[in-house]
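This report concerns only the one structure given below.
Both backbone and side-chain heavy atoms feed into the values below; hydrogens, waters and symmetry mates do not.
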Amino acid sequence: MFRVFFAASQSCSNLSGNMARFYSVAPVQLFWYLTGLFKVALAVDHVPMLLWSTESSLWNSETTLHEGHIITKQELPTVLQPIFTQSSKNLVLFLQDMLSIDDFTYYSESYGTEKPFHNVQEILKSSSSSLILSAVDSETARYLLDYLLGVVEWKLTNIDNLNDASEMEVNTSKSNLFVIKLQPGNRLNDISMAKIFAANDKVIGRLTMSLQERGIHFSVIYTAMRSSRIPRITDVALKSRRQLMTIEVPDSILYPPLNVTNGTETCILMYASNFSLTANKSVHVDLTNSTFVSRNVDSSSSACSATNTTLSLKYSNPVDNINSLEIRFLMTKRFFAGSARNWFTLETVEIVQDNGKVARFNVSVISAPAEYSFHCQLVGTSNLYGANLIPSNNEAKSWDVFISEFQIQGFSVENNWFSYASDCTSFFSPGIWMALVTSIILLWILTYGIHMIMQLTTNSRFDDPKGLALSVPQTE
């Protein structure tokens, strides 16, 4: 019995040793494996791509099995090849600024009279051929236009005015590629975003119906330049230093910044991923494409000097019912003795419609050292944004301004590019201040409690039950 117990004990000890050696190694390997897998999964940034055509049987049943698979740059030509082999090569490319597959479900419900994606759903059901790719790598989506231009000798037509999209001229004797950049929206407001999606859906529906009524065979691609969901990478595997905040995957710059020269050198730079206004809560004016892509903006009235800079942006017929629109950014440079350096400040923003009264906004937070640029993720009239535009007269109250990824520099521009950016996000956020104040209060309570405990003393004399009763005079 003792021998059996000893053998079992020895066997258990060997097993324990093996298990100990296994568990000493396994967690390290498992940690690195899961970390790498987690990093790769989070780094994937993808967009949906919807395709349909008037030609039948372009995509067979095998091609449609892409659920859960991310289309890469090498796989995309195989998916798009049927479009180039059909007899009629008319292709319409609808580009949204940001889109994800979740948008189709999140905004599928009606918002009052607005019905986002209603026409797109009906078109996909009634088309002779259709294909839905739920996940296409964002880098592949950005490469899409360059790929299309390299495959076929297209007659390229960029359509900036969405109201005229359904009336575009089509030369059926040539291969036509129509690129339509749809209206971007404000992701912070669901109702506003739903209205933008509904308006874009109407543009798609009108253009598709117009081409069908004219008997033109065509194919359509509907996708976006980047995902509306920004992935985050917590780089714990490759960096030993602790990071203060998670790092967002940087988006590649979609276009160069707007630059203004004083005749010989660049004196003003401005960039924004979304630059839009809303007049009277109803008229949406998107100036992103006109300002940074097509450059249909007049900046000749801008002025640069050593202490004052004005960026003037003039637009002709940006939308219906607005003949002219001018936006001015007024910046100044001052010397502050406290920091012993020059600082530039964006003092006011002015909007002038149809040469009428000036809508003037005071600006908060937007300032930086004179040799720096200024950057803020969100700038506008909402109090939720990092930098606020505060209406200073009655005319300004009828305008809503939304600028995302805003960066501006009005002084000390070198090499036609932004200097180091001073960001609007401060280190001490409201959450940090709340934690600090709460910690100080709890520390004070703990200190007070310890102090009171240390003041406790024991009696100098004790009652002896065998002797006389203890008597303590009132003077003690």
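Inspection of the Ser219 and Ser53 side chains reveals an N or O donor paired with an N or O acceptor under 3.5 Å. There is a side-chain donor-acceptor pair under 3.5 Å between Asn200 and Gln96. Inspection of the Ser302 and Thr310 side chains reveals no N or O donor paired with an N or O acceptor under 3.5 Å. Donor-acceptor pairing under 3.5 Å is recorded for the side chains of Ser419 and Gln409. Looking only at atom types and distance, the side chain of Ser301 has a donor-acceptor partner in the side chain of Lys314 under 3.5 Å away. Looking at Tyr372 and Ser412, their side chains never bring a donor and an acceptor atom within 3.5 Å of each other. Of the N and O atoms on the side chains of Ser282 and Asn280, not one donor lies less than 3.5 Å from an acceptor on the other residue. No side-chain donor from either of Thr291 and Arg295 sits under 3.5 Å from a side-chain acceptor of the other.
Of all heavy-atom pairs spanning Cys424 and Phe374, the tightest one is CB-CZ, 3.6 Å.
The aromatic ring centres of Tyr385 and Phe402 sit less than 6.0 Å apart. Ring centroids of Tyr271 and Phe406 are separated by 6.0 Å or more, keeping the two rings apart.
By the 4.0 Å N-to-carboxylate-O rule, Glu371 lies close enough to Arg341 to be salt-bridged with it. Asp137 has no carboxylate O lying under 4.0 Å from a charged side-chain N of Lys73, or vice versa, which leaves the two without a salt bridge. By the 4.0 Å N-to-carboxylate-O rule, Arg328 lies close enough to Glu326 to be salt-bridged with it.
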Assess whether side chain to side chain contact (heavy atoms under 4.5 Å, CB included) is satisfied between Val379 and Ile366, documenting all intermediate values.
-> CA-CA 9 Å; Val379 176; Ile366 300 183; 4.2 Å; yes
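Around atom CD of Glu122, more than 12 heavy atoms belonging to other residues, nucleotides or ligands sit under 6.0 Å away.
The aromatic rings of Tyr222 and Phe94 sit perpendicular, their planes meeting at an angle over 60°, well past the 30° parallel limit.
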